[in-house]
Amino acid sequence: MCGIFGFYSNKNKEYFDKKKINLIFETLKHRGPDQKNFQYYKNLFFLHTRLSIIGLENDFAIQPKNSSKSIMVFNGEIYNYKELNELLINKNINISSSSDTETLFACFNEFGFEETLKKIDGIFSIVYFDKIKNQLFLARDRIGEKSLYWAKDKKKFIFSSEIKAIIKSNFYSTIKPNLNKIGELFVNGKIYCDQTSFKDIYEIEPGKFIKIDTKNNRIIKNDFYWKIENFKQIKKNKIKDKFEEQLKDAVKTRLTSDVPVAALVSGGLDSSTLIYQILNIGNDKSLNIFFAKNKLKKINEFKFVKELISHLKNEYLNKEIKIYSIKQDIEKYFNNQKKITYFNDEPIMLYNSHLVYTLSNKIRNTGFKVVFSGEGADELLYGYNRFERTKNLIKNESNSEKKLEHIYFGASLKDIDNIENITNHNFVDQIKSSKPWQWLNKYKNLDLNTTQLLFSQKYRLQSLLQRQDRMCMANSVESRAPFLSPKFVKFINSMPFSYKYDNFKNIRKKILRNVMQNKIPKIILNRPKVGFETDFSYSMQKKTFLGHIKRLIFNSNSFSSNYLNKKAIIDILKDDKKIKSNLNIIKMIYSIETWHKVFFENKR
């Protein structure tokens, strides 16, 4: 896992001075504290910071990679690099066999960029320059576990693992919020597809690559090499056995590492499944597990974690299981809000980001660089309560467009009028001309339960993956989500819906519960879905929080003062009933105000 950055100019050689280079290194240091390097080639500049996980002492892992044919920088892991080595050896290409970076670079040079993308299994953002054809390629992994951002003007092109490095490079003399998409940010918590919260700074979509003619600074290809919706339904033949086999394979491949792997635990089904699988498959004699406690008893899941650990210690007598936990005072949430917003680049819409940040800090300080987490299982296996609510709403709705609205907006549908009033923007029509809406229209003839699962995987999931990457990498920890192995994702999507949801008993994640029967405690196996809640969320109606947000809003430089309907916001904050019914909107305003303060107020 690493930080990558670079740019080119098609007119003049534009060299960063030493001060600017050091600034970018410092900006991306948290993504790669183990090694740093940069390289110029004609009018191109490539920079890399490394977090060493595979090929720890191997010189072939040093980046940027450079040859007579090409240059490459790469962030992530290629899990099947040993299999790819066999392909290279069969072509008489010498390879050290211990560095996925060396293997990836050799594959690009031998098989070409697009063909190699089809062969690799991993989490990655990659930038590769073909010196012969003067073409620059950028690509992102299939599901979107790693991010890659870019910007361009008539003469220059720039890319980075994180937006903040693009900002600090002064590529744009001024940066601006993406005001045309602010309503979408309120509704979704993230701007879908390739736009970001910053005007004219873009994100490569999951499963996509772009190809640029550097002579003319022109994007000549912008296409998907993999689509989550491309699958064929499989027959009902030994599906349970195949599911278990695929799950084991997903965990096994994600254990590829030259450093020990830790795991996050919540007390729920998904993380408990992963911990069981790691103990069952992994060769390490110990497993270190990390848990975030809440002070409020009604949202503290530690009793379920203790139950799991007790059960597994009896099951795996030859393995040592260590549990570490953290708690966070409410005051620390306020104190850390600016810091985690800085690391996230965009407004923090998931307040459990605070706990992920603090957990990853604990993980790193305990000596680990890699952690497993359970992201994706809910999106794949119909795990969320909202899926069932949407199903019931759709069932009673005859209007096809209204059905799509329920899938797209979910719980936010009730807030639309207030959001449009606050943002001074009628954005619903805009959303209905957007790529995600067009995608929904295209697949509306599928079973709508399947459609909402795919929509959640393709779009909604991106907020969670951004949270995991940014909050963990802020502390130089790589987060891995085995449930999101593309092979496993494709298999799950190919299964008949009846294996995910029992319509008669209202049981979600049906097949996962069946497979984990007698492997984890029943109290966990039969638990209903509980969200990743925090003490902070329950403090938001208190005077301390409301006073804090009022101070932000009343500042003349605030986002609300300059871009929102400040009067409408104040009207909500004056009324206790309105506060209670608009808590999600209030949270969003707080997050956007903090983001604006971090990235814009000092830039004026």
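Side-chain atoms are counted along with the backbone in the values below, which use heavy atoms only and exclude waters and symmetry mates. All residue numbers refer to positions in the sequence shown, counting from 1.
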So, does Thr49 use its side chain to make a donor-acceptor pair with the main chain of Gly3 at under 3.5 Å?
yes
Using the six-membered ring wherever Trp is involved, compare the ring planes of Trp150 and Phe157 and label them parallel, tilted or perpendicular (cut-offs 30° and 60°).
parallel
Verdict with supporting geometry, Glu229 and Lys442, salt bridge (Lys or Arg N to Asp or Glu O under 4.0 Å):
CA-CA 11 Å; Glu229 59 268 28; Lys442 183 177 179 180; over 6 Å; no
Quick one: does any side-chain atom of Asn582 pair with a main-chain N or O of Lys578 as donor and acceptor, under 3.5 Å?
yes
Short side-chain to backbone donor-acceptor contact, Ser271 and Val265, under 3.5 Å
no
Close side-chain approach of Trp439 and Tyr192, heavy atoms under 4.5 Å:
no
Is the closest side-chain heavy-atom distance between Phe334 and Phe545 below 4.5 Å?
yes
Begin from the C-alpha positions of Tyr172 and Phe198 and carry the test ring-ring contact (aromatic ring centres under 6.0 Å, His included) through to its verdict.
CA-CA 11 Å; Tyr172 291 124; Phe198 295 87; over 10 Å; no
Answer yes or no: is there a donor N or O on one side and an acceptor on the other, between the side chain of Gln430 and the main chain of Asn180, under 3.5 Å?
yes
Contacts of Asn300 meeting side chain to side chain contact (heavy atoms under 4.5 Å, CB included) (sequence neighbours excluded), chain-then-number -> Phe291, Lys293, Phe302
Is it true that a side-chain atom of Gln438 and a backbone atom of Ser433 form a donor plus acceptor pair closer than 3.5 Å?
yes
For His425, check ring-ring contact (aromatic ring centres under 6.0 Å, His included) against everything at least two apart and list the hits.
none
Checking Asp345 now: which residues fulfil side chain to side chain donor-acceptor pair (under 3.5 Å) with it, not counting sequence neighbours?
Lys164, Arg470
Can you tell me which residue pairs pass the salt bridge (charged side-chain N to carboxylate O under 4.0 Å, His left out) test with a partner in residues 546-562, sequence neighbours excluded?
none
Side-chain donor/acceptor of Gln462 to backbone N/O of Ile143, under 3.5 Å
yes
Leu453 pairs by side chain to side chain contact (heavy atoms under 4.5 Å, CB included) with which of Lys458, Lys500, Glu379?
Lys500
Which residues pass the side chain to side chain contact (heavy atoms under 4.5 Å, CB included) test with Glu401, not counting sequence neighbours?
Asn399, Glu405, Lys432, Trp437
Would you say the side chains of Tyr8 and Asn217 form a donor-acceptor pair under 3.5 Å?
yes
May I ask you to decide whether Glu26 forms a salt bridge with Lys168, counting only side-chain N to carboxylate O separations under 4.0 Å?
no
Any side-chain heavy-atom pair from Gln337 and His354 closer than 4.5 angstrom?
yes
Given the rule in the ring-ring contact (aromatic ring centres under 6.0 Å, His included) test, do Phe455 and Tyr443 qualify, once you have shown the distances and angles that lead to the verdict?
CA-CA 10 Å; Phe455 184 80; Tyr443 292 98; over 10 Å; no
4.5 Å side-chain heavy-atom contact, Phe427 and Glu184
no
Just by distance, do the side chain of Asn170 and the backbone of Ser173 share a donor-acceptor pair under 3.5 Å?
no
For Phe159, give me all partners under ring-ring contact (aromatic ring centres under 6.0 Å, His included), at least two apart in sequence or on another chain.
Phe46
Does some side-chain heavy atom of Ile592 sit less than 4.5 Å from a side-chain heavy atom of Met349?
yes
Pairing donors with acceptors under 3.5 angstrom, does anything connect the side chains of Asp415 and Asn584?
no
Might you work through the side chain to side chain contact (heavy atoms under 4.5 Å, CB included) test for Ser197 and Asn178, ending with a clear yes or no?
CA-CA 5 Å; Ser197 303; Asn178 191 354; 5.5 Å; no
Side chain to side chain contact (heavy atoms under 4.5 Å, CB included) involving Lys199 - partner list, sequence neighbours excluded:
Lys176
Donor-acceptor contact below 3.5 Å, side chain Arg31 vs main chain Cys2:
yes
If you apply the rule side chain to side chain donor-acceptor pair (under 3.5 Å), what do you find for Asn352 with Thr534, and how did you get there?
CA-CA 6 Å; Asn352 48 36; Thr534 72; over 6 Å; no
Chi angles and distances behind the side chain to side chain contact (heavy atoms under 4.5 Å, CB included) call for Ile589, Leu552:
CA-CA 10 Å; Ile589 292 168; Leu552 284 171; over 6 Å; no
Would a distance-only check, ignoring hydrogens and angles, find a side-chain to backbone donor-acceptor pair under 3.5 Å from Asn188 to Ile191?
no
Going by distance alone, is a donor N or O of one side chain under 3.5 Å from an acceptor N or O of the other, for Asn335 and Lys332?
no
Short side-chain donor-acceptor distance under 3.5 Å, Ser560 and Glu593:
yes
Is the shortest side-chain heavy-atom distance between Cys472 and Val356 below 4.5 Å?
yes
Start with the C-alpha gap between Ile204 and Ser125, add the side-chain angles, then the distance that decides, and say whether side chain to side chain contact (heavy atoms under 4.5 Å, CB included) holds.
CA-CA 9 Å; Ile204 304 281; Ser125 55; over 6 Å; no
Does Asp447 come within less than 4.0 Å of Lys391, counting only side-chain N to carboxylate O?
no
Is it true that Ser9 and Lys155 share a donor-acceptor pair across their side chains at a distance under 3.5 Å?
no
Do Phe599 and Ile163 have side-chain heavy atoms sitting under 4.5 Å apart?
no
Residue pair Gln457 / Asn493, side-chain donor-acceptor N/O under 3.5 Å:
yes
Pair listing, salt bridge (charged side-chain N to carboxylate O under 4.0 Å, His left out) test, anchored in residues 185-194, at least two apart:
Lys190-Glu203, Lys190-Glu346
Quick one: list whatever passes side chain to side chain donor-acceptor pair (under 3.5 Å) with Tyr128, sequence neighbours left out.
Ser70, Asn109
Please list, chain by chain and in numerical order, all residues satisfying ring-ring contact (aromatic ring centres under 6.0 Å, His included) with Phe372, sequence neighbours excluded.
none
Report yes or no: is the cationic atom of Lys509 (NZ for Lys, CZ for Arg) under 6.0 Å from the centre of the six-membered ring of Phe483, at an angle within 45° of the ring normal?
no
Side chain proximity check, Ile416 to Phe186, heavy atoms < 4.5 angstrom:
no
Test log, rule side chain to side chain donor-acceptor pair (under 3.5 Å), inputs Tyr351 and Ser591:
CA-CA 9 Å; Tyr351 279 89; Ser591 293; 2.6 Å; yes
Sequence-distant partners of Tyr357, ring-ring contact (aromatic ring centres under 6.0 Å, His included), two or more places apart
none
Relative to the ring of Tyr382, is the ring of Phe497 parallel (under 30°), tilted (30 to 60°) or perpendicular (over 60°)?
perpendicular
Evaluate the ring planes of Phe343 and His30, with Trp represented by its six-membered ring, and classify them as parallel (under 30°), tilted (30 to 60°) or perpendicular (over 60°).
perpendicular
Partners meeting side chain to side chain contact (heavy atoms under 4.5 Å, CB included) with Asn396 (sequence neighbours left out):
none
